[in-house]
Structures are given as structure tokens and as C-alpha cells.
Amino acid sequence: MELMLNEFINFETISRNDWQRFYQEDQVSLTSEELESIKSLNDKIDVQEVRDIYLPLINLIHIYQRAAEDLTFSKGIFLQKTQANRPFVIGISGSVAVGKSTTSRLLQLLLQRTFPKTKVDMVTTDGFLFPNQVLIDKGILNRKGFPESYDMPLLLNFLDTIKNSGDVNIPVYSHEIYDIVPGLTQEISQPNFLIVEGINVFQNPINQRLYMSDYFDFSIYIDADVKNIKTWYLERFQTLLELARKDENNYYHRFTKFTKEEALSLAQKTWEEINLVNLENYIEPTRNRAELILHKGDNHKIDLIHLKK
């Protein structure tokens, strides 16, 4: 008989009520206006969510960071040479439309507030997608976001350079033009914390021996039921259309010429043939590689937490 293992056998499952007790500070260092400025389209987050979920998370990250510094120091003693402190790298993954960007920007802001003398940078792996013309030349434009659409050697080289205290200029992706921005780069220079956000951060590399997760000191997967993610994706698509209606340079402007029914049909087709396939085959199977899984309910609120034992 085949032995079936619970997917979360290696995790401690924690309810929201229990989790929020792990950090009892009443002071929240963010305002509602600041939260509004960092949240993604159609995402929902409030000060109570910061207090209940994200302040305990910052406290947990600090525990891991201190442990990483202690390990670096101990390795130096063992090797009988000085070991420089390396950037503390946090990987954040999950489906499209699940709220990864909001979580990443929120953690960046909270880390900066909590450790005001540290530098906290954030990058998205979208910047390491091949430009659209390259995807067209490869015949995989319809596979954009799938593992083969990323320049993995460039991404791994970036992580290796940063982890070894080097400086890097990386490409910038624009959702408005749906492509890499020609000639525009983001400079990352010796941060204390680096947040790396993307759907692919836990995935197996293609023809590579290194994994992105080899460079992570802490990692998070944002989880939700598929039906909720689909709803959020469709809501976001409609919001993007409204924002693009008067901007002819916006990638989504072309879809504003469709009827509402045609546009919604296109979004449904894109979800079912691309995003759902990517989620089921490549993104969700990497979920338990994370150190922490934050599960969202249908109101975008975190209702369950899984912490690796």
C-alpha cells in the first residue's frame, strides 16, 4: 500500500488567533494612508491586519536574521577567518493576483521602520523575464510567466553577486507596457535586507544546478483557494482596463475596445489556459519549500499560518 503523507507534515499549523498573540505591542508604525499607497490593485489590507499578522512576522524574521548572523560568526571561528555579514534575503512567492506585491512592499516598509539604520531593497523576478521580442523569437510568448520565460542565469548571477556584497544593475519590468523597459535598470547596492518577489522563486531551474532558494534566509508563500484567486484575478483585470481606458500607450488599452462580455471572456480564457495551468503545474507544487505559508480567506485576510518545524 502506498503511504500518503500530509503535505503539511513538516509544518506547525497556527490559527490567526494564536498567531496574533505572539507579538503584543499595541503600537503600529503605519497609517491607513501609507497602507493604501503600497497595496496592489483590488487587494485589501488594514491596520488591524498589520497588527495581527505582519508585526508578529517581522518579529519572526528578526529571530531568523539574528540566527543567520550568529551562524556567520561561528563559521568564521571554525574557518579561522573573518566572515562578512551577508544580506538577509527573503523570498516571497504565490500565484498571480494573490497579493505578493502588497506583502513584499509592506514587509519592506515595516523592516525599514523596525530597523531604521538598515537598508531594505525589493526586487521582482518580473525584471528577469525575457523581453517580449525574445519570447516571440523563441515561440513562447504564450508561455510568459512559465519557467522557460525567465533568464535564469541572469537571475542566479544577480542573487550570487548580491549575496556576496556586490552591486548590480538589473532590468525593470513594466506591467503598463507588458514588457521589459528598454534602457531602464534598478541598482541594488549592498542592502541589509533584500526581498525577492515572484511566482517562480521556489521553482526548479532549467538546466541549472543552482536554485534561487539556495540564496534565501527566509521564505514566504502566499496561499489561497483557487476559486478566490480566480475571482481576484478577474477583478484586477477589470480594474486594469478602467485605468488603461484613456492611456493609448498602456498594454491593456487595446482591450478597452472590447465589449464588457468580450473582455471578461478573454480574461477567463487567459486564466484557464495560462495562469491556472502555471499555478497548478509550477507554482503551487513549490508551496511547501517555503519557511512560512500565509493562507488568505475570501476577504483577503490571513486566516491560517503554516510555519516549518
Side-chain angles (χ1 to χ4, degrees), residues 29-30 34 37-40 54 57-58 60-73 75-76 79 81-93 100-131 150-177 179-203 205 208 210-220 290-291:
S29 57
L30 299 182
E34 287 173 316
S37 71
I38 65 170
K39 75 175 187 178
S40 298
Y54 291 96
L57 177 53
I58 292 295
L60 180 64
I61 289 173
H62 191 203
I63 291 171
Y64 275 75
Q65 188 228 5
R66 290 200 307 266
E69 289 180 347
D70 290 344
L71 180 59
T72 296
F73 179 76
K75 280 183 178 179
L79 296 171
K81 67 178 183 179
T82 302
Q83 295 281 97
N85 281 328
R86 290 144 63 90
F88 189 89
V89 181
I90 302 170
I92 299 180
S93 186
K100 299 183 305 300
S101 297
T102 298
T103 295
S104 299
R105 288 192 290 264
L106 177 56
L107 287 181
Q108 181 183 26
L109 194 49
L110 287 172
L111 285 168
Q112 288 172 336
R113 293 283 171 86
T114 306
F115 310 108
K117 294 183 180 179
T118 64
K119 182 181 181 186
V120 187
D121 283 339
M122 188 187 88
V123 302
T124 170
T125 60
D126 289 344
F128 296 91
L129 285 163
F130 287 114
Y150 291 90
D151 188 341
M152 289 305 298
L154 184 64
L155 179 47
L156 290 166
N157 183 68
F158 158 70
L159 288 171
D160 190 75
T161 302
I162 288 297
K163 199 66 175 174
N164 289 286
S165 301
D167 300 339
V168 189
N169 288 301
I170 61 174
V172 174
Y173 184 86
S174 168
H175 288 278
E176 290 187 355
I177 67 170
D179 203 351
I180 299 295
V181 182
L184 184 62
T185 59
Q186 176 186 3
E187 182 182 10
I188 305 296
S189 177
Q190 301 182 32
N192 301 102
F193 291 92
L194 175 66
I195 298 169
V196 181
E197 175 258 312
I199 61 176
N200 64 327
V201 300
F202 301 140
Q203 291 175 14
Q208 300 290 328
L210 290 173
Y211 291 74
M212 276 183 278
S213 55
D214 291 339
Y215 295 96
F216 298 158
D217 299 287
F218 190 78
S219 53
I220 302 168
E291 197 69 28

So do [Y] and [X] actually touch side chain to side chain, heavy atoms under 4.5 Å?
X: Leu57; Y: Phe218; result: yes
X: Ile199; Y: Lys100; result: yes
X: Asn192; Y: Gln65; result: no
X: Tyr173; Y: Thr124; result: no
X: Val123; Y: Gln186; result: yes
X: Asp179; Y: Pro131; result: yes

Which heavy atom of [X] sits nearest to which heavy atom of [Y], and what is that distance?
X: Thr125; Y: Gly198; value: OG1-CA, 3.3 Å
X: Gly127; Y: Ile180; value: O-CD1, 3.5 Å
X: Asp126; Y: Tyr150; value: OD1-OH, 4.3 Å
X: Gly91; Y: Phe202; value: O-CZ, 4.3 Å

Between Arg105 and Ser40, is the side-chain hydrogen bond (donor to acceptor under 3.5 Å, both in side chains) condition met? List the steps.
CA-CA 9 Å; Arg105 288 192 290 264; Ser40 298; 2.8 Å; yes

Separation between [atom1] of [X] and [atom2] of [Y], rounded to the nearest 0.5 Å:
X: Leu194; Y: Ile162; atom1: CG; atom2: CD1; answer: 6.5 Å
X: Ile195; Y: Phe216; atom1: CD1; atom2: CZ; answer: 11.5 Å
X: Lys163; Y: Asp217; atom1: NZ; atom2: CG; answer: 3.0 Å
X: Glu197; Y: Gln108; atom1: CD; atom2: CD; answer: 11.5 Å
X: Ile38; Y: Leu106; atom1: CD1; atom2: CG; answer: 4.5 Å
X: Asn200; Y: Met152; atom1: CG; atom2: CE; answer: 6.0 Å

Evaluate the side chain to side chain contact (heavy atoms under 4.5 Å, CB included) criterion for residues Val196 and Val89: first the C-alpha distance (whole Å), next the side-chain angles of each, then the deciding distance (0.1 Å), finally the verdict.
CA-CA 7 Å; Val196 181; Val89 181; 4.0 Å; yes

Is the side chain of [X] donor-acceptor paired with the backbone N or O of [Y] at a distance under 3.5 Å, no angle test?
X: Thr185; Y: Ile170; answer: no
X: Ser37; Y: Glu34; answer: yes
X: Glu187; Y: Asp167; answer: no
X: Lys119; Y: Ser189; answer: yes

Glu176 CD: over 12 foreign heavy atoms closer than 6.0 Å:
no

Could you give me the CA-CA distance, side-chain angles and deciding distance for Glu291 and Tyr64, then say whether side-chain hydrogen bond (donor to acceptor under 3.5 Å, both in side chains) is met?
CA-CA 11 Å; Glu291 197 69 28; Tyr64 275 75; 3.0 Å; yes

Name the orientation class of the two ring planes belonging to Phe115 and Phe193 (parallel below 30°, tilted from 30 to 60°, perpendicular beyond 60°).
parallel

Quick one, Leu210 with Asp160, criterion side chain to side chain contact (heavy atoms under 4.5 Å, CB included). Give me CA distance, side-chain angles, the key distance, then yes/no.
CA-CA 10 Å; Leu210 290 173; Asp160 190 75; 5.6 Å; no

